[in-house]
Amino acid sequence: MKLRNKACVITGAASGIGKEIALRFAAEGARVAIADLERKAAQDVADEIVRQGGTAFGVPMDVTDEEQVNAAVAAVVRAWDGVDVLVSNAGIQIVHPIEEFPFAEWKKMLAIHLDGAFLTTRAVLPHMQRSGRGGSIIYMGSVHSKEASVLKSAYVTAKHGLIGLAQTVAKEGGKYGIRANVICPGFVRTPLVDKQIPEQARALRISEQQVVKNVMLRETVDGEFTTVQDVAEVAVLFAGFESNALTGQSLVVSHGWYMQ
């Protein structure tokens, strides 16, 4: 088991990509804290892991709330004597043309994606530094960490920012054996993406089928969505890689939607 006994915190882990990473980590022997705004949903995922023989518990966390973030990380440290892996995954999507983008919604997007990544990182770093074991911090970026799309100014800005944060954490954390990397998925068929399809259809005045075929999947090599399982496999790679040889990097998982 690649992650045996590693204490892991995964934000936004009650559904979608975060849930799949939690299940995959648990299968690799990790102890998993399911951190999510939805307390009951988080505990439901933790209970599922426990029923399968794993170790997990749910912790309520609004990633934009400094006190909640610190309290949740403190609970994990009390339970498992440290944190070995952070997956900063919590995120939302709001789409508008720039000239119609409400400032409140712009700030909400950046708060969840960037403030949340910063606050959770700041909370776990001292524990990783003191443990002597180092650690792995994984940010959930996007192909939009590399490239822009229309209607997504806030999302693109936030996802680009995660690469800068990861590279800074990698440089500051290197002497402690703390690695920081970014996963950049293409379009993954989650509830978040399902919600975008009709929104983009309305904004672009095309059909939902055209959004999927001509906007989301047009640039892929095979017309396929990236899966939550694809993303979880990359998370296991980053979490289980014990050397500073792999740090400050961003790995695109997109069926060729974006190629470096």
Side-chain angles (χ1 to χ4, degrees), residues 1-36 42 45-46 48-59 76 80 82-91 117 120-121 124 127-128 131 133-143 145 159 162-163 165-166 169-170 173 177-190 224-258 260:
M1 292 186 177
K2 297 176 182 177
L3 305 179
R4 184 183 296 277
N5 292 327
K6 288 188 181 293
C8 305
V9 177
I10 305 172
T11 70
S15 63
I17 290 172
K19 178 180 177 180
E20 186 62 30
I21 291 174
L23 295 173
R24 188 71 180 83
F25 276 19
E28 290 289 346
R31 298 171 292 180
V32 186
I34 310 298
D36 202 278
V45 175
E48 181 179 345
I49 289 171
V50 171
R51 286 194 299 272
Q52 295 172 1
T55 302
F57 66 90
V59 286
V76 174
W80 296 329
V83 179
D84 299 297
V85 179
L86 166 67
V87 181
S88 176
N89 167 74
T120 51
T121 298
V124 303
H127 304 291
M128 291 181 174
S131 72
R133 300 189 301 269
S136 175
I137 297 176
I138 303 167
Y139 300 105
M140 194 56 59
S142 165
V143 288
S145 298
K159 293 302 188 182
L162 289 176
I163 290 182
L165 177 60
V169 173
I178 298 169
R179 302 165 302 285
N181 295 287
V182 186
I183 303 175
C184 299
F187 285 98
V188 181
R189 199 69 185 260
T190 63
E224 297 290 337
F225 281 100
T226 303
T227 68
V228 291
Q229 291 81 12
D230 295 330
V231 180
E233 285 298 322
V234 179
V236 170
L237 167 67
F238 281 143
F241 203 96
E242 299 289 348
S243 164
N244 280 347
L246 184 56
T247 192
Q249 303 303 310
S250 51
L251 182 56
V252 179
V253 191
S254 67
H255 285 252
W257 193 95
Y258 176 88
Q260 290 178 294

Glu28: partners by side-chain hydrogen bond (donor to acceptor under 3.5 Å, both in side chains), with sequence neighbours left out: Arg24
Looking at every heavy atom in both [X] and [Y], which two are closest together, and how far apart are they?
{"X": "Val228", "Y": "Glu20", "answer": "O-CG, 3.5 Å"}
{"X": "Val50", "Y": "Ala56", "answer": "CG2-O, 3.8 Å"}
{"X": "Pro185", "Y": "Gly141", "answer": "CD-O, 3.4 Å"}
{"X": "Leu165", "Y": "Ala117", "answer": "CD2-CB, 3.8 Å"}
{"X": "Arg133", "Y": "Val83", "answer": "NH2-N, 4.5 Å"}
{"X": "Leu251", "Y": "Leu237", "answer": "CD2-CD2, 4.3 Å"}

Do [X] and [Y] make a side-chain contact, defined as non-hydrogen atoms from C-beta onward lying under 4.5 Å apart?
{"X": "Thr120", "Y": "Thr11", "value": "yes"}
{"X": "Tyr139", "Y": "Asn181", "value": "no"}
{"X": "Leu23", "Y": "Ile49", "value": "yes"}

Determine yes or no for a side-chain-to-main-chain donor-acceptor pair under 3.5 angstrom, with [X] supplying the side chain and [Y] the backbone.
{"X": "Asp36", "Y": "Ala14", "answer": "yes"}
{"X": "Arg31", "Y": "Asn5", "answer": "yes"}
{"X": "Arg189", "Y": "Phe225", "answer": "no"}
{"X": "Ser142", "Y": "Cys184", "answer": "no"}
{"X": "Arg179", "Y": "Gly177", "answer": "yes"}
{"X": "Thr226", "Y": "Val253", "answer": "yes"}
{"X": "Asn89", "Y": "Ile17", "answer": "no"}
{"X": "Lys159", "Y": "Met140", "answer": "yes"}

Between CZ on residue Phe238 and OG1 on residue Thr247, distance to nearest 0.5 Å: 9.0 Å
Quick one: CG on Leu246 to OG on Ser136, what's the gap to the nearest 0.5 Å? 8.5 Å
Step by step, work out the side-chain contact (heavy atoms from CB on, under 4.5 Å) result for Val76 and His127. CA-CA 11 Å; Val76 174; His127 304 291; over 6 Å; no
All ring-ring contact (aromatic ring centres under 6.0 Å, His included) counterparts of Phe57, not counting sequence neighbours: Trp80
Which of Ile183, Ile21, Ile138 passes side chain to side chain contact (heavy atoms under 4.5 Å, CB included) with Val234? Answer is Ile183
